[in-house]
There are 2 protein chains.
Amino acid sequence: MIKVIRSSFLDFIDDPFYTSETASVRYLEDGLLVIENGKIKDFGTYEQLHEKYVGIDAIAYPDKLIMPGFIDTHIHYPQTAMVAAYGEQLLEWLSKYTFPTEAKFKDKNYAQEIATVFLDELLKNGTTTALVFAAVFPESVDAFFEEAERRNLRMIAGKVMMNRNAPDFLLDTAQSSYDETKALIKKWHQKGRLLYAVTPRFAITSTDEQLDLAGQLLAEFPDVYLHTHLSENVNEVQFVAELFPNSKGYLDVYDQAGLVKEKSIFAHGVQLTDQEFQRLSEAKSAISFCPTSNLFLGSGLFKLNKAKSSETPVKVGLGTDIGAGTSFSLLQTANEAYKVVQLQGEKLSSFKALFLATLGGARALSLEDKLGNFDIGKEADFIVIDPKATPAMALRNADFPVKTLEEIADKAFAIVIMGDDRTIEATYIMGEIAYQSV
Amino acid sequence: MIKVIRSSFLDFIDDPFYTSETASVRYLEDGLLVIENGKIKDFGTYEQLHEKYVGIDAIAYPDKLIMPGFIDTHIHYPQTAMVAAYGEQLLEWLSKYTFPTEAKFKDKNYAQEIATVFLDELLKNGTTTALVFAAVFPESVDAFFEEAERRNLRMIAGKVMMNRNAPDFLLDTAQSSYDETKALIKKWHQKGRLLYAVTPRFAITSTDEQLDLAGQLLAEFPDVYLHTHLSENVNEVQFVAELFPNSKGYLDVYDQAGLVKEKSIFAHGVQLTDQEFQRLSEAKSAISFCPTSNLFLGSGLFKLNKAKSSETPVKVGLGTDIGAGTSFSLLQTANEAYKVVQLQGEKLSSFKALFLATLGGARALSLEDKLGNFDIGKEADFIVIDPKATPAMALRNADFPVKTLEEIADKAFAIVIMGDDRTIEATYIMGEIAYQSV
């Protein structure tokens, strides 16, 4: 069955950090998106396409803006209920709040309950794909994937591997983490839309042996992902140096274990050295930039323009990093990304920010063949944005819809800075409505 | 007529930056607030007071938290429609966006329209008192005060004085600014709940003569306020030094004109020197800390703990600084205040943050005899907070209401970090409901 959607559309066909903004953005003031079997069958202006689909009643969203679903490249679903844990920086925050919270995920019923709230929250915020930390318990992975499968979502997740420097009740062993991960890969990877990420928490909580086994899993299953944390906090970097005296640096710890690859996504990278940026660039690995988290934990200011430089280009996506991040909204995340960049005396345009939240995220997750824009053949995960969702936004965006790229850049900037979950009027998954604001 | 409100209540009786948090906060899990003629007649636990008011039906807010209305110590009402103006730091942002916007406020009808939206937005966000920049045109002040008077709000505002370094269409002269301000003071100051602030924009847009005349107005009307900007941005500080070669620094420019006094409120102060903090402390002047604005314009990190040090204590309130700030919500402002403090390796507790938004703001505005907490005799401006306003907050604050100070500190922190306008269920002005969420 064919479904036709009519509205204004905004997406990206290239990276505005390297190509001109004009050449990388695609804005249709009055467009048609045609969907068949959950995938994009056609996309163009109303003018171009309406005669071709003349017999089909279009679902119209006048005065709205449709974008590809947002992609969250770093989030912890077990931390859904612990947002806003007070007063600590990374290592103390983990011991005091995170580890006790994650212990609850041994209970599959609790894990199911939180997975449900978590995925509701993602859809409500317009996030259609995420790279997700589960907990150390395989049950927590099952609970998450079962709920994601039920909703037909494209999600990437994995069991946390951690065998030291945490409370006993959260530790696996190198061998058990290998065995359990392997079983979970076989069970879930490529099941429907689901994908698996080998997920050592971070260098501090894994021995060399565990990291090596993680690398072995990547060698055995070359199309699974690697998802971990990297160089978030100064004290963390220092502790890693003490734990791994034979490494040349934090990234090198992962590199020696064979974890720095094209489908490797490293969260944060606030403290990276120039050499590490270069290595990530060579390896085609990705960084998840998590501004609300980096500010909340006082980790520092990610050097976005260094990561996106022409000399050492690194793939970058945005991450909410719930529960150290303070919002499930990638719009609020982009708001604080703008601020992090401004504090460094640089600029982040609305197009660049929204690229990071869509096609940039898809590229960071090596999913650009399936997601990230409205190219024909891609999966039809998309969101309906209301540029006038609140009275303050209605005043600011009073003249939406607009015609020119300059105008839509300005309206999109107001959406980035003032938007939140209320800005998302509806979320579609594979062409079917999965969330509708009341 | 007597009105009795029953709920949980949180307010401050002292400054938690200097007194222990336990001694400065007042939390009643089950309290009664008694109002007569718009003022607080009684306040205490249900246990203590219910027999005294047994014949009166209480208005009950079970599962909610009532606090004094928020006080915004720095905001520009003419900038309501220009939040999220892209890509510039202070001086360029003013020329490119702000000045053209403020030109519209020569039209009193437009000013009335925006004043209405602005005050709606304040009440919706739980802000009951604000220190407000109008535009350079006296009509813009009239429009604002008329609308504030109609709503019986305690508001402080003033006509912008600016006679150089801005487009001609926005300039007054030293003499006209003196005459117009004097007339506005006579017309509005102490009219009902309204108060006037002498409002030179900042040193850059005033000549020595204009600043001196502003000082003369303060001398003639010793109980009016002084409201201006100070040391926000590095380039601004440099430009001030060039414009005033005989000053010892930015604050000294104001000091030489007699503007540094007890009822003087300076917005920002991001770039202040130690000597300037000391001078502000001696003069008992106040700073408005505007974190969302300071991040949005890339101005830098305000040294809150320096301002609140025991050596040179300075009165500090929170400011949204709309339109350079990105939210009308003092909760979102407190969220980013926390982040600014974390980036400096320090902490801002929920009680300290909420003190700044209430009693701290009242003290910054020398209104602590009238506003800021539930002391008997104060004006009954207060807000009803829903600690479970969104699904994510409902999960985080599932166990509210709580008994202990430690527990309410934690719930209040979630309100600070996750809250926005939706967190405000109702706003009362002088004991009458002025906003109710739908």
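Just so we're on the same page: letters track the sequence lines, and every chain starts at 1.
- Looking only at side-chain heavy atoms (C-beta outward), B/I75 and B/L122 come within less than 4.5 Å of each other.
- When each of B/G300, B/G87, B/A414, B/A392 is scored by its heavy-atom pairs under 4.5 Å with chain A, the top score falls to B/G87.
- Among the candidates A/L297, A/L395, A/I415, the residue making the largest number of heavy-atom pairs closer than 4.5 Å to chain B is A/L395.
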Note to self: With side-chain contact (heavy atoms from CB on, under 4.5 Å) as the criterion, how do B/F400 and B/I408 come out once you've worked through the C-alpha distance, each side chain's angles and the decisive distance to 0.1 Å?
What the structure shows: CA-CA 8 Å; B/F400 184 86; B/I408 191 64; 3.7 Å; yes
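- Applying the salt bridge (charged side-chain N to carboxylate O under 4.0 Å, His left out) rule to pairs touching residues 75-86 of chain B yields nothing, sequence neighbours excluded.
- In terms of non-hydrogen atom pairs under 4.5 Å with chain B, the most contact-rich of A/V341, A/L301, A/I417 is A/I417.
- Nearest heavy-atom pair, B/A135 versus B/F105, reported as atom, atom and distance to 0.1 Å: CB-CB, 3.7 Å.
- Atom CG of A/L65 sits about 8.5 Å away from atom CG of A/L354, to the nearest 0.5 Å.
- At a 4.5 Å heavy-atom cutoff, the contact between A/I114 and chain B is made by side-chain atoms alone.
- Among the candidates A/F328, A/F296, A/F118, the residue making the largest number of heavy-atom pairs closer than 4.5 Å to chain B is A/F296.
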Next item on the list: Before giving the answer on side-chain contact (heavy atoms from CB on, under 4.5 Å), spell out for B/V25 and B/F355 the whole-Å C-alpha distance, their side-chain angles and the decisive distance to 0.1 Å.
Entry: CA-CA 9 Å; B/V25 67; B/F355 166 81; over 6 Å; no
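- Ring pair B/F351/B/F12 is perpendicular by interplanar angle, where above 60° counts as perpendicular and below 30° as parallel.
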Item checked: Test log, rule side-chain contact (heavy atoms from CB on, under 4.5 Å), inputs B/L318 and B/F70 -> CA-CA 9 Å; B/L318 289 178; B/F70 292 146; over 6 Å; no
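- Contacts of B/A85 with chain A are made by backbone atoms alone, with heavy-atom separations under 4.5 Å and no side-chain atom involved.
- The candidate with the highest count of non-hydrogen atom pairs below 4.5 Å against chain B, out of A/V117, A/L295, A/V340, is A/L295.
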Short donor-acceptor separations (under 3.5 Å), chain A to chain B:
unit_1, atom_1, unit_2, atom_2, d
A/V83, O, B/R396, NE, 2.6
A/A84, O, B/R396, NH2, 2.5
A/Y86, OH, B/S349, N, 3.4
A/G87, N, B/Y338, OH, 2.7
A/G87, O, B/K347, NZ, 3.1
A/E88, O, B/Q342, NE2, 3.2
A/Q89, NE2, B/Q342, O, 3.2
A/F296, O, B/Q342, NE2, 2.8
A/T326, OG1, B/K339, NZ, 2.9
A/E336, OE1, B/K339, NZ, 2.8
A/E336, OE2, B/K339, NZ, 3.0
A/Y338, OH, B/G87, N, 2.7
A/K339, NZ, B/T326, OG1, 2.9
A/K339, NZ, B/E336, OE1, 2.9
A/K339, NZ, B/E336, OE2, 3.0
A/Q342, O, B/Q89, NE2, 3.2
A/Q342, NE2, B/E88, O, 3.2
A/Q342, NE2, B/F296, O, 2.8
A/K347, NZ, B/G87, O, 3.1
A/S349, N, B/Y86, OH, 3.3
A/R396, NE, B/V83, O, 2.6
A/R396, NH2, B/A84, O, 2.5
A/D421, OD1, B/R422, NH1, 3.3
A/D421, OD1, B/R422, NH2, 2.8
A/D421, OD2, B/R422, NH1, 2.8
A/R422, NH1, B/D421, OD1, 3.3
A/R422, NH1, B/D421, OD2, 2.8
A/R422, NH2, B/D421, OD1, 2.8

